[in-house]
Q: 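First, the structure itself, so that you have it in front of you.
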2 protein chains.
Amino acid sequence: MRKPAAQQLQDYLAGQGLKSTHQRDEILAVFVSAGRHLSVEELYELMKKEHPRIGYATVYRTMKLFAQAGLAEELRFDDGFTRYEYKASDGHHDHLICTRCGRIIEFENDRIEELQESVAKKNRFLAQSHKLEIYGLCGDCRGKRAKKE
Amino acid sequence: MRKPAAQQLQDYLAGQGLKSTHQRDEILAVFVSAGRHLSVEELYELMKKEHPRIGYATVYRTMKLFAQAGLAEELRFDDGFTRYEYKASDGHHDHLICTRCGRIIEFENDRIEELQESVAKKNRFLAQSHKLEIYGLCGDCRGKRAKKE
DNA sequence: ATCATATTGATTTCGATTATCAATATCACC
DNA sequence: GGTGATATTGATAATCGAAATCAATATGAT
């Protein structure tokens, strides 16, 4: 079972002596319901629709906060800017990224995780985290012929 | 057998109708001999010692050129800036990155590569490239107690 | 309700990278 | 070996996402 996101946020704020604000609640609601892999820019645009007074900086700050609270994970793909994904309680997963349409697909593979662990051990490394990204063409895009560009 | 880097550069330049310059030759020599995983900043500092007249922008431009020529690979780890590694002809490899001292260790694991391919296939993806980074503490750093910070 | 303090929002700053542009170097051709 | 068209260089400004600043405001303990 998963603690509701809103509750998890309140617990974190209380535990850290931080304050509960409308902005934080609203950003969380939009972030969670919007689906995943949102850039700050995208999230800011979504926020503006419902809460036009929200500031750009607040969205940045709040997403960093969510990351620290364990509510969100920071993703940095090759296109330069940071995305956040809502962190469900189920295990770690990695990403397939379509280089044409930008679609992002999640996957998990326990065997790969194990092999990574063994690679770390072999090199006397204590693994803390990892990142596996596979770039390529998604099913929809591989069919299409390359657009003129 | 590997074509010498200098020769590979000349071939690429000729093939593209580009010009061979001292700067490009010198940057390549320093880059190749310096070892691997150099940030542009680091490479620029190395260059200045032997060729103080080199410009910052030239180093940036030239590394991009080397990447296109297949001489270098662009690496973007989580610390924000781009590094380049000399691209040997042997196969793809991935990286273990120490989060304390910054050390970078290369590894390759064919089994992981195969599994990635099968994950791609399972999702109807045509894999073009991938990136696997394992962050953690290297052998030297895991022993040490956390420094006060 | 009061007040110390955390937070917000508008804005500026930062830091890595890229674009601009006049001066210069390269190279194909004579 | 000169000449000229053009690619390249180097100094600098511009860019862009992200982070810092700071006065005004909201929060929550008392």
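So you know, we letter chains A, B, ... as the sequences are listed, proteins then strands, and number each from 1.
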Q: Check whether any side-chain heavy atom of A:M63 sits under 4.5 Å from a side-chain heavy atom of A:T82, and report yes or no.
A: no
Q: If you only use heavy atoms from C-beta on, which nucleotide in C:dC27, D:dA20, D:dA18 is closest to the side chain of A:T82?
A: D:dA18
Q: When you measure only distances, ignoring hydrogens and angles, does the side chain of A:R61 come within 3.5 Å of the base of C:dG9 through a donor and an acceptor?
A: yes
Q: Would you say A:K64 places a side-chain N or O within less than 4.0 Å of OP1 or OP2 belonging to D:dA19?
A: yes
Q: Taking only side-chain nitrogens and oxygens of A:Q23, does any of them come within less than 4.0 Å of OP1 or OP2 of C:dG9?
A: yes
Q: Output the rounded distance in Å from CD (B:Q16) to P (D:dT8).
A: 10 Å
Q: Starting from the 5' end of DNA chain C, give me the residue, A:G55 or B:F81, whose nearest nucleotide shows up first.
A: A:G55
Q: With a 4.0 Å cutoff (strictly under), does any side-chain N or O of B:T58 reach OP1 or OP2 of D:dG10?
A: yes
Q: Starting from P on C:dG9, measure out to CZ on A:R24 and report it in whole angstrom.
A: 11 Å
Q: Nearest to the A:A57 side chain among C:dT11, C:dT26, D:dG17, which nucleotide is it?
A: C:dT11
Q: Output the rounded distance in Å from CD1 (A:I54) to P (C:dA10).
A: 10 Å
Q: Whole-Å distance between D:dT8 C1' and B:Y12 OH?
A: 15 Å
Q: Does D:dT27 have OP1 or OP2 under 4.0 Å away from a side-chain N or O of A:H22?
A: yes
Q: Starting at atom CD of A:E41, determine the distance to atom P of D:dC16, rounded to an integer number of angstrom.
A: 12 Å
Q: By nearest nucleotide on DNA chain D, pick out whichever of A:R83 and B:Y44 is the more 5' one.
A: B:Y44
Q: Considering only D:dT6, D:dG10, C:dT7, which nucleotide approaches the side chain of A:L18 most closely?
A: C:dT7
Q: By nearest atom, which of the nucleotides D:dT9, D:dG10, C:dA10 is closest to the B:T21 side chain?
A: D:dT9
Q: Taking all non-hydrogen atoms of both residues, which atom of A:E85 and which atom of A:L75 are closest, and how far apart?
A: OE1-CD1, 3.6 Å
Q: Scan A:I105, A:I104, A:L132 and name whichever one has a side chain to side chain contact (heavy atoms under 4.5 Å, CB included) with A:H95.
A: A:I104
Q: Look at B:Y60 and C:dT17 and indicate whether a side-chain polar atom (N or O) is within less than 4.0 Å of OP1 or OP2.
A: yes
Q: Nearest nucleotide by nearest heavy atom, which residue falls closer to the 5' end of DNA chain C, B:Q10 or A:G17?
A: A:G17
Q: Separation of A:Y84 atom OH from D:dG17 atom P, in whole Å?
A: 14 Å
Q: Measuring only between side-chain heavy atoms, which start at C-beta, is A:Y12 closer than 4.5 Å to A:Q10?
A: no
Q: Atom CG of B:D78 to atom P of D:dG17: distance rounded to whole Å?
A: 19 Å
Q: In terms of the angle between their ring planes, are A:Y44 and A:Y56 parallel, tilted or perpendicular, with boundaries placed at 30° and 60°?
A: tilted
Q: Could you check how far CD of A:E42 sits from P of D:dA18, rounded to whole Å?
A: 11 Å
Q: Would you mind checking if A:R100 and A:D140 are paired as a salt bridge, meaning a charged N to carboxylate O distance below 4.0 Å?
A: no
